[in-house]
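Down below is the structure, laid out as structure tokens.
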Protein chains: 2
Amino acid sequence: MAVTINDVAKEAGVSITTVSRVINGNYPVKQETRQRVEEAIKKLNFQPNPIARSLVCRRTNSIGIVVPSITNMYFTEVVDGIEKYARNNSYDIFLNITNGDAKAEINAVNKFIERYVDGIIVVDPQTENMLSGFYDEIVNTVPVVFVNGYHQEIDLSFVISNEENGFKNALKHLNKTGHKNIIFVRGESSYSYDLKENIYRKFIKNIGSREYILTVNAGNSIEVVENTKKSIINISSEIKLGEDFTALIACNDLMATGALNACLELGIKVPDEFSIIGFDNIILSQMTTPKLSTVDQNMKKLGEKSAEMLFNYIESGYEADKVLINTKLILRESCRI
Amino acid sequence: MAVTINDVAKEAGVSITTVSRVINGNYPVKQETRQRVEEAIKKLNFQPNPIARSLVCRRTNSIGIVVPSITNMYFTEVVDGIEKYARNNSYDIFLNITNGDAKAEINAVNKFIERYVDGIIVVDPQTENMLSGFYDEIVNTVPVVFVNGYHQEIDLSFVISNEENGFKNALKHLNKTGHKNIIFVRGESSYSYDLKENIYRKFIKNIGSREYILTVNAGNSIEVVENTKKSIINISSEIKLGEDFTALIACNDLMATGALNACLELGIKVPDEFSIIGFDNIILSQMTTPKLSTVDQNMKKLGEKSAEMLFNYIESGYEADKVLINTKLILRESCRI
DNA sequence: ATATAACTGAAAACGTTTTCTAAAGGGGTG
DNA sequence: CACCCCTTTAGAAAACGTTTTCAGTTATAT
């Protein structure tokens, strides 16, 4: 069916070896011969079969992305960054969505390895898998780079956003603009939530004010917004929003949006009576009224950087380092300035 | 490096032919032999190399998805639906993001063909490419299914959502709940916008009321929300929102959200003074306050259905039909009920 | 003349599936 | 009991479309 290297060789009157050499330019070929071959290639519109190529070269020019969800704007940006970088380097990408299931993540990785992908990026790996040592063996088989997730004491290639830094700055800003008692909103269980909670606790103790930690039920994006809204409305009878507590910091923008919605419903003016800061800077944070102040994780850059690291890793064979991407407090309209 | 079919054959004391037969179960093998081979496979943990397999079978068990954007919640849901269906049928998926560029779409498709994917799904194909006849040749090479986009007089495999139906219902609902003059918001140019505008025009003429068509500048998701908001605020000096015009229908939820934000800023109460209905039912529409009434396109189902059609197409070799997926008016809080 | 560089092709290799050939066994027929 | 035919089972070898190794020939420089 399709035209093969044999057809080209016949057309140009040379051996397939020579054709291959012209294509790959990795061996001297006489100018005149080269030209004949190139003409034949053009005339027949020959495209080397990448499958055959992969078989002998053990290289597929493809990478696998494993990601918990794609209806979550956070991950979406990361994937976008990876895809862009990958395509610019003419890699194709396989996508696998795990729904945050640790087993599914393992399956995805194994499947990618069977497919002989050149490398794998795992976004927000399941902590369970990091601790089980699953990846310690894997990285002997194929380059893997992780984006965020649990990385303490783990000697693998990571690109992680400096959440501590950004979160601290957000807290500092709230305090500096006159907020004393600040509510902290987190989800059920994750490395990142624990990290932020620790920072929050320390900070609150330091400024000698009251702690209030609200843990909202997990769920999909819509549910997180909704659950947070409900939780806030619930506690609003117990503590006076805008009086006892005048500010709120959330572990992500979905929760912050939920809080904002609660305030709208409760008639609490944001930011006049109550300040809210989110985290991540997903696109949603610019679609609310007022627009959310948040901490930018630069997810696209996380994605691009992870792809860049992976490609270096693939080329060099050397495991990459841990790279810390800075976060940045972005002040919009949902908090005092 | 990796264990091959040769190793298994040696271990089991049979030929590679037999091993292959045991694996594929497409030829009789004596029970006892089969068992020996199976043990060897297990013992060596043998995984057939899919590359070699693809080379001879001309089948990759992979499909390509071409999509304009992934930071757009609309497409995200479609991709999610495709991914789920594909994975359940043990297909892997290649992802390519075109940013709505017609050339990029063509490149993506060609690249997928070079990769010998078994099939391709193009989400929201560029009208330009549909009309140029590009795909007419392509479908002789590989099964392609399209999701939405321009499909008039085009004889290819489509799964399209019945936008007409849903949009009409939304207009009817607005009219039935006492709205006479309704603003129509659309983007610059697309098949879908034109379609809706035609319906709008006809409807408005029918009920004998005033037309007001607002075209907002294109851009990414954030910009669409922002541009719509600004446009609404702009025209609010020219026409009295809540008096001259008491309702608005938008071509998508981003625009509807922008309109909602404008109302919040202008102090116009939604839905008490002004009704808004969006389109698509992206997750954002459930994250606003008030929650957006909208027309559900069931994007996940669009995705699943397109994958299902593609797989049937691949198996049977017969081009699939045009399938129309029903849309559904979803009444939430942003309009009278 | 001779060593070296430039150029080329035949054949092996990559790891499967598939086709072709054949051995072994079973059962019926004369 | 010898023969033949068919079915079951199995392996050798070809095929898929490349790259790479090895070997060899021709041109160039010393």
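So that the names make sense, note that chain A is the first sequence line, chain B the second, and so on, each numbered from 1.
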| query | Got a second to check how far A:Y313's OH is from A:I120's CD1, nearest 0.5 Å? | reply | 10.5 Å
| query | Per the atom types in the model, does the base of D:dT21 pair as donor or acceptor with the side chain of A:R21 at under 3.5 Å? | reply | yes
| note | With the side chain defined as heavy atoms from C-beta on, B:F46 is closest, among C:dT16, C:dG15, C:dT18, to C:dT16
| task | Between A:A52 and B:T33, just flag the one whose closest nucleotide in DNA chain D comes earlier from the 5' side. | result | B:T33
| note | Rounded to whole Å, the CD1-P distance (A:I23 to D:dG17) equals 14 Å
| query | How many Å lie between NZ on B:K30 and P on D:dT8, as a whole number? | reply | 14 Å
| request: Identify whether any heavy atom of B:T4 sits under 4.0 Å from a base atom; if not, whether one sits that close to sugar-phosphate; answer base, sugar-phosphate or nothing. | output: sugar-phosphate
| Flag for B:N49-A:R58: side-chain donor and acceptor within less than 3.5 Å | no
| task | Using whole Å, report how far CD1 of B:I5 lies from P of C:dC14. | result | 14 Å
| field | A:E105 backbone acceptor or donor facing A:Q126 side chain under 3.5 Å | value | no
| query | Under 4.0 Å: is that the gap between some side-chain N or O of A:T17 and OP1 or OP2 of C:dG9? | reply | no
| query | When the distance from CD1 of B:I51 to P of D:dT19 is rounded to whole Å, what number comes out? | reply | 14 Å
| query | Can you tell me how far P of D:dT8 sits from OH of B:Y27, to the nearest Å? | reply | 10 Å
| request: Taking only the side-chain nitrogens and oxygens of B:N6, find out if one of them lies under 4.0 Å from OP1 or OP2 of C:dT16. | output: no
| task | Tell me whether the OP1 or OP2 atom of D:dT19 has a side-chain N or O from A:R59 closer than 4.0 Å. | result | no
| request: Rounded to the nearest angstrom, tell me the gap between atom CG in B:N61 and atom P in C:dT17. | output: 12 Å
| request: In whole angstrom, give the distance that lies between atom CG of A:N26 and atom P of D:dT20. | output: 6 Å
| query | Looking for any heavy atom pair under 4.0 Å, which part of the strands does A:E32 touch: base, sugar-phosphate only, or nothing? | reply | nothing
| remark: Considering only heavy side-chain atoms of A:R58, the closest of D:dG11, C:dG9, C:dG15 is C:dG15
| request: Give the nucleotide from the list C:dT16, D:dG11, C:dG9 with an atom nearest to the side chain of A:T18. | output: C:dG9
| message | Does D:dT19 have OP1 or OP2 under 4.0 Å away from a side-chain N or O of A:S20? | response | yes
| Shortest non-hydrogen contact from A:I70 toward A:T76 | O-OG1, 3.0 Å
| message | Could you tell me how far apart A:L55 (CG) and D:dA15 (P) are, to the nearest whole angstrom? | response | 17 Å
| query | Are any of B:N24's side-chain N or O atoms less than 4.0 Å away from OP1 or OP2 of C:dT17? | reply | yes
| task | Identify which nucleotide among D:dT18, C:dA10, C:dT16 has an atom closest to any side-chain atom of A:V56, counting heavy atoms from C-beta outward. | result | D:dT18
| task | Verify the distance criterion only: is there a donor paired with an acceptor across the side chains of A:N24 and A:R53 at less than 3.5 Å? | result | yes
| task | Could you tell me whether B:Y116 contacts a base, only the sugar-phosphate backbone, or nothing, with contacts defined as non-hydrogen atoms closer than 4.0 Å? | result | nothing
| Which is true for A:I16 with a 4.0 Å heavy-atom rule: it touches a base, it touches only sugar-phosphate, or it touches nothing? | base
| field | Exam field: side chain A:S132 to backbone A:N129, donor-acceptor pair closer than 3.5 Å | value | yes
